[in-house]
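Reading through the structure tokens given below for one structure.
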Amino acid sequence: MRELQVGLNQTQKVRLQSALKQLEELSSRVSNSSTASVTVADTIPVNLEDGVLKGHGTTEYNGEVVATLCGVVERVNKLVYVRTLRARYLYKPEIGDIIVGRVIEVAPKRWRLEINFSQDAVLMLSSMNLPDGIQRRRTAVDELNMRSIFEENNVICAEVRGFQHDGSLHLQARSQKYGKLERGQLLTVPPYLVKRRKQHFHHLEQYGVDLILGCNGFIWVGEHIEANEDEMMVDKDNKSEETGKSDLKFAALEQQEKAFTPFVTRRNICLIANAVRVLSVLGFNLSLEVIIDTVEASSSSNLHIKDMLGAEFCVQTAEREVQRRTTLIKKKG
Amino acid sequence: MEFVSPEGLRLDGRRPMEMRQIRAEIGAVSSADGSAVFEMGNTKVIAAVYGPREVQNRGQQLNDQALVRCEYSMANFSVGDRARRPKGDRRSIEISLVIRQTMEACILTHLMPRSQIDIFVQVLQADGGTRSACINAATLALADAGIPMRDLVTSCSAGYLNSTPLLDLNYVEDSAGGPDVTVGILPKLDKVTLLQMDAKLPKETFEDVMELAIQGCKAVAQYIREVSPQNFIFLASVSQLSVI
């Protein structure tokens, strides 16, 4: 319970422990195999006659399968591997993953992004849509204007395009939904809490908030932005026309309005961000339903946003999770 | 000076073959990828591991394995006289190198090419045997960071004073000027990764002293193995629920 540093009083501690114990029991009922945790150099019991495929975190020593990591032994048919629960490179990128990253360097024709992996990712200028939406060859002028698209420290959302032969990771952002993320919060959670799903972009309409669950454990909670390609076209038309002074003034006003996030939205961003924080502290998987559930629970109990990170709400969340899972199991069984 | 009394007790009341109390705690630095605190009696060391991450200095990047770096430092308040020490003095450079080589021998560096692993160890309280305490702390921090390793390296020192082999020297015994043997082993593979000795020692006695140090290493290994799983059981139980 390393990251749980909320001051729990005695009763809360007892409640939390009982909730976690229940969760443990539930999990062992589901997966049948007891969670066998190993440390480095522990022998993993296997039936060598059946033939064994050694996966990640294992080696062979003296005819035995030995763990090279601390974690949980997982078995899939013949494959035996050790899954760590805390590691930086625990995030294993796969092609098509949607990730959130931070620009750390603007290099010739490319941006380097920190993505919570053992290496930095590369986003080539040629593998992203230009802001004007035209498909064309990237010129030297484009290269000089790269900072007008992304600067250092900008937070970006992109998709994993593939791996180069030297192992470096390439990204692409070929759609309106990818690109710079503004006016919101970036949260970092352990990557194993985010599972790969069909949908990683969520628009929470009732809160006016966009939620991006990056596969790399970076989570973005920000104001909702209409990604509208039609709007883009209109803009272009406007530009081609003669832009009078009034138009300019109007544009400036519009820009000002755009730079302002209403108070309610800002509150909602904090609300959702805190829900994610509580869940990640407890180590629960982050899915839209669970996050929404937590948010609703906090608003129904009339809790102040800052109190969501307190001990009481943390314990309540754990207890609610127990309930949710018991009902799920009942439904299945 | 008498280091072993006629009753067979050392200055701090231990028997010659007795270790100081050891205590370890994983996860002391929240911002690090892995961290640990290790105590041997009054010696207290904190280790933090960052990585594997992008190589900071491109020129050092290795295309077939990870780059391991280590930085050893002593806090100003760690020793009796609060002297301001320059950062790169010879002693700390040497210990950094020793720790780096010891850890590099057990990390499976070929699994993480083109990346860098940083190990930072700092001595918070120095009472002899900081070298071995640093190695033990670094091992735990690496295990916490989820870096694949052949084995958990453990280290312990032993000395020879008043014609008695002594295990796990403290500061007073260490500064007596007698021989001080620091050993680092891979307990499971039964291999030695570190062996250092200052001063001379006859061959026969050396073997006794080294055997004693190895016994000490094994005792540390046993303790470390008990500590490290505790942290994982909790995490395991919760994240297993992904099935649902």
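Throughout, protein chains are lettered first and strands after them, A, B, ... in sequence-line order, and every chain is numbered starting at 1.
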Legend entry - Part of B:Leu108 within contact of chain A (heavy atom distance under 4.5 Å): side chain
Legend entry - Distance (rounded to the nearest 0.5 Å) between B:Glu54 CD and A:Phe117 CZ: 10.0 Å
Inset, instruction - Tell me, yes or no, whether the heavy-atom count around B:Gln21 atom CD, taken from other residues, nucleotides or ligands under 6.0 Å, exceeds 12. - result: no
Legend entry - A:Gln119 and its side-chain contact (heavy atoms from CB on, under 4.5 Å) partner, picked from B:Met112, B:Gln116, B:Arg114, B:Arg53: B:Arg114
Inset, instruction - Count the heavy atoms of every other residue, nucleotide or ligand shown that sit under 6.0 Å from CD of B:Gln222, and state whether that count exceeds 12. - result: no
Legend entry - Exceeds 12 heavy-atom contacts within 6.0 angstrom, atom NE2 of A:His56: no
Legend entry - Electrostatic pair B:Lys188:A:Asp42 at N-O distance under 4.0 angstrom: no
Legend entry - A:Ala41 to B:Asp151 - nearest heavy-atom pair and separation: CB-OD1, 3.1 Å
Inset, instruction - Assess whether atom CG of A:Asn77 is packed by more than 12 heavy atoms of other residues, nucleotides or ligands within 6.0 Å. - result: no
Inset, instruction - Counting only heavy atoms closer than 4.5 Å, note whether B:Pro187 contacts chain A via side chain, backbone, both or neither. - result: neither
Legend entry - Heavy-atom closest contact (A:Cys70 atom, B:Ala143 atom, distance): SG-CB, 3.9 Å
Inset, instruction - Would you indicate whether the side-chain heavy atoms of B:Arg225 and A:Thr39 approach each other to under 4.5 Å? - result: yes
Legend entry - From A:Thr68 atom OG1 to B:Met149 atom CE, the distance as rounded to the nearest 0.5 Å: 9.0 Å
Inset, instruction - List in chain and number order the residues that pass side chain to side chain contact (heavy atoms under 4.5 Å, CB included) with A:Thr188, two or more places apart in sequence or in another chain; answer none if no residue qualifies. - result: A:Phe218
Legend entry - Part of B:Leu189 within contact of chain A (heavy atom distance under 4.5 Å): both
